[in-house]
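Take a look at the structure below.
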Number of protein chains: 2
Amino acid sequence: MTIGVTIGQAAAFAGVTIKTVRHYHKHGLVEEPRRDSSGYRRYGSAELLRLVQVRTLAAAGVPLAEIGPLLDADPERFAGMLVDVEQRLTDRIDELIARRDTLRRLAGGDRALLPDRACALLNRTAALGFTAEQVAIYRESLVLVRALVPDGFDAYLAQVEDAFDDTRFVELVRRCWVAKDWEPDDSRIEELATAMAEQFLANRALLTVSSDFQARIDTTRYGLLNHFGEDHEPTMARLTALVEAKLRSAGVRIPHQ
Amino acid sequence: MTIGVTIGQAAAFAGVTIKTVRHYHKHGLVEEPRRDSSGYRRYGSAELLRLVQVRTLAAAGVPLAEIGPLLDADPERFAGMLVDVEQRLTDRIDELIARRDTLRRLAGGDRALLPDRACALLNRTAALGFTAEQVAIYRESLVLVRALVPDGFDAYLAQVEDAFDDTRFVELVRRCWVAKDWEPDDSRIEELATAMAEQFLANRALLTVSSDFQARIDTTRYGLLNHFGEDHEPTMARLTALVEAKLRSAGVRIPHQ
DNA sequence: CTTGAGCCTGACCCGAGGTCAAGGTGCACC
DNA sequence: GGTGCACCTTGACCTCGGGTCAGGCTCAAG
């Protein structure tokens, strides 16, 4: 009567492959069992127990290099470490659940990149009558701002929400979008810049940015005026410059460049 | 005004390392963004979106090689594949939860190797007055039987549970254990073998093994008589041989060797 | 003008196994 | 007593998803 089970049976019992069992032997996690007359490994319950222990810990995400010392530690320490391993496992489970939620957002474009609050803002922008292109550009600016200043993003959103409550300001922004297609030397630009600056000064909340935000956004532009492509939009560049100049001369500190 | 965010900001936004972003570029998962005048990569919202998509799928366990085709598929197929990915993720979560439960069993030896039902059986064995050593040997036999014949294990347990209800049988088994220390030619062995065979014949249920079990256990011994170390226990070997002979002459089919 | 952080490429390294090759064993069936 | 066929042996190399290191460039601040 040959005593003990073969490597295949041991592997099946522990729920791993034969190769994995040999891997564990090679790394000293499970001692090599005795061999039968033909050189086959023969596993007894002690080795099976060890194998199940190793596999369970490995499957829980414990690196192989840590498993040996862990299993060889005295029972007290072992129990303590088990609690730790369980905690790590729980964290991983929670993370996977979070990933699954993110995955669901993936189906609907924006929601993968922006929090619900920002998506709501985009919807509001659309409802205010801005064109699809305008909304898309604004969306891009939101994504980039969030990437640039993750910590200040919530404060930024709050400021924009406030701005949207200022109907005169919204109207001016709409006119700025129209101005995009004017010639850079159109005389109405001067007029629009004056109105814009006055509105900013009348509602100073539009200008306040958190110090955190301010500190890091120097190279970027503030509020709704911030948008890329200015290189290709000389009219907008001129409008922005005029508004900035007017605000500065009214004593508002605005970073240059 | 430099447009777009740097690789570090993009990586932080997506929650990966810089190295990982470059890895994705190298494998064509995220297109290389344009570079600024100094050769730095500059990411726009399109690349950020793609990056978040890739990271989300990768974190959900989708192999990198599958992610490209998946994201480039038309929206309908994409949605379908997302469901599939989500299913895989759910499976993994469930598996991790199961692992966590197994981990808890690791603290208490037996429970990592044997189902609760088998542990209960061991406790019952102990309560019936068998010594700790006897219980330990029986435990080992249970583990090995489970490793050898995983599918037949439940049926085997059921049979043993029945056997334990047969008080005369239990008494005989206890006497067998005592016999272990007798000389191989002790005359009481003959007597004991006769009693054992009679009991088997009186309660045929003790002999029935599921065909599934039977088919694969030929090289092993049946029921409680099955235990290793017979090589070192000539007395037990003789007892077993006598019982088998008596059963065979009574017409019971027992595999040889 | 230096300092420190961030970026560039490229080559090699790592964990946890998987794959392939070339051969020995055990057993059932003809 | 062959002959499959599944299973076992060792050893060398491969894979995936990155990490690490080296050597050099760029940028903003003090």
Side-chain angles (χ1 to χ4, degrees), chain A residues 1-30 32-43 51 54-68 99 147-148 215-220 255-257, chain B residues 1-2 4-30 32-43 51 54-68 99 147-148 214-220 255-257:
Chain A
M1 175 182 183
T2 347
I3 174 174
V5 302
T6 68
I7 193 170
Q9 290 162 325
F13 179 71
V16 298
T17 69
I18 292 178
K19 197 68 212 193
T20 300
V21 175
R22 292 205 272 247
H23 195 64
Y24 292 166
H25 288 322
K26 189 148 43 179
H27 290 271
L29 287 173
V30 179
E32 288 271 0
R34 64 205 130 54
R35 311 284 182 125
D36 64 17
S37 55
S38 57
Y40 286 16
R41 293 172 179 86
R42 289 293 177 170
Y43 295 80
L51 193 51
V54 170
R55 181 229 44 187
T56 303
L57 290 172
V62 182
L64 295 198
E66 289 176 27
I67 292 180
R99 295 287 183 207
L148 270 169
R216 294 202 243 155
I217 211 160
D218 287 358
T219 56
T220 321
H256 279 272
Q257 215 210 39
Chain B
M1 177 184 183
T2 345
V5 303
T6 68
I7 195 171
Q9 290 162 324
F13 179 72
V16 298
T17 69
I18 292 178
K19 200 65 216 190
T20 300
V21 175
R22 292 205 270 248
H23 194 66
Y24 292 165
H25 288 323
K26 190 149 41 180
H27 290 272
L29 288 173
V30 180
E32 289 271 0
R34 63 206 129 54
R35 311 283 184 124
D36 64 17
S37 54
S38 57
Y40 286 15
R41 292 173 178 86
R42 289 293 177 169
Y43 296 81
L51 193 51
V54 171
R55 181 229 44 186
T56 304
L57 290 172
V62 182
L64 295 196
E66 289 176 27
I67 292 179
R99 294 289 184 206
L148 270 169
Q214 184 82 47
R216 293 202 245 158
I217 209 160
D218 288 357
T219 57
T220 321
H256 279 272
Q257 215 209 40

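None of these values were measured; they are calculated from a predicted model. What you see below is based on every heavy atom in this structure, not just the backbone, and it leaves out hydrogens, waters and symmetry mates. Lettering of chains follows the sequences in order, A, B, ..., and the numbering in each one begins at 1.
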What integer distance in Å separates [X]:[atom1] from [N]:[atom2]?
X      : N       : atom1 : atom2 : value
H23(A) : dT15(D) : NE2   : P     : 17 Å
R55(A) : dA16(C) : CZ    : C1'   : 16 Å
R42(B) : dT26(D) : CZ    : P     : 14 Å
H25(A) : dG11(D) : NE2   : C1'   : 16 Å
K26(A) : dG18(C) : NZ    : P     : 12 Å
H27(A) : dG15(C) : NE2   : P     : 8 Å
I18(B) : dG17(D) : CD1   : P     : 21 Å
R35(A) : dC7(D)  : CZ    : P     : 19 Å

Open item on the list: Taking 4.0 Å as the cut-off, does a side-chain nitrogen or oxygen of R41(B) come that near to OP1 or OP2 on dC8(C)?
Closed with: yes
- [ ] Indicate whether OP1 or OP2 belonging to dC8(D) is found under 4.0 Å from a side-chain N or O atom of T6(A).
- [x] yes
Within the structure provided, determine whether [X] and [Y] are in side-chain contact (heavy-atom separation under 4.5 Å).
X      : Y      : answer
R22(B) : I18(B) : yes
R41(B) : P33(B) : yes
H23(A) : L64(A) : yes
V5(A)  : F13(A) : no

TODO: Considering non-hydrogen atoms only, spot the tightest contact between A59(B) and R99(A) and give its length.
DONE: CB-NE, 3.1 Å
- [ ] Name the residue closer to the 5' end of DNA chain C, choosing between T20(A) and G8(B) according to the nucleotide with the nearest heavy atom.
- [x] G8(B)
Between [options], spot the one nearest the side chain of [X], thanks.
X      : options                  : answer
S38(A) : dT26(D), dT9(C), dT25(C) : dT25(C)
A58(A) : dG17(C), dG19(D), dC7(C) : dG17(C)
K19(B) : dT9(D), dG19(D), dG11(D) : dG19(D)
T17(A) : dT9(D), dG18(C), dC7(C)  : dG18(C)

Task: Contact nearer the 5' end of DNA chain D, comparing P63(B) with Y40(B) - done: P63(B)
Open item on the list: Heavy atoms only, 4.0 Å cut-off, all strands: where does R22(B) land among base, sugar-phosphate and nothing?
Closed with: base
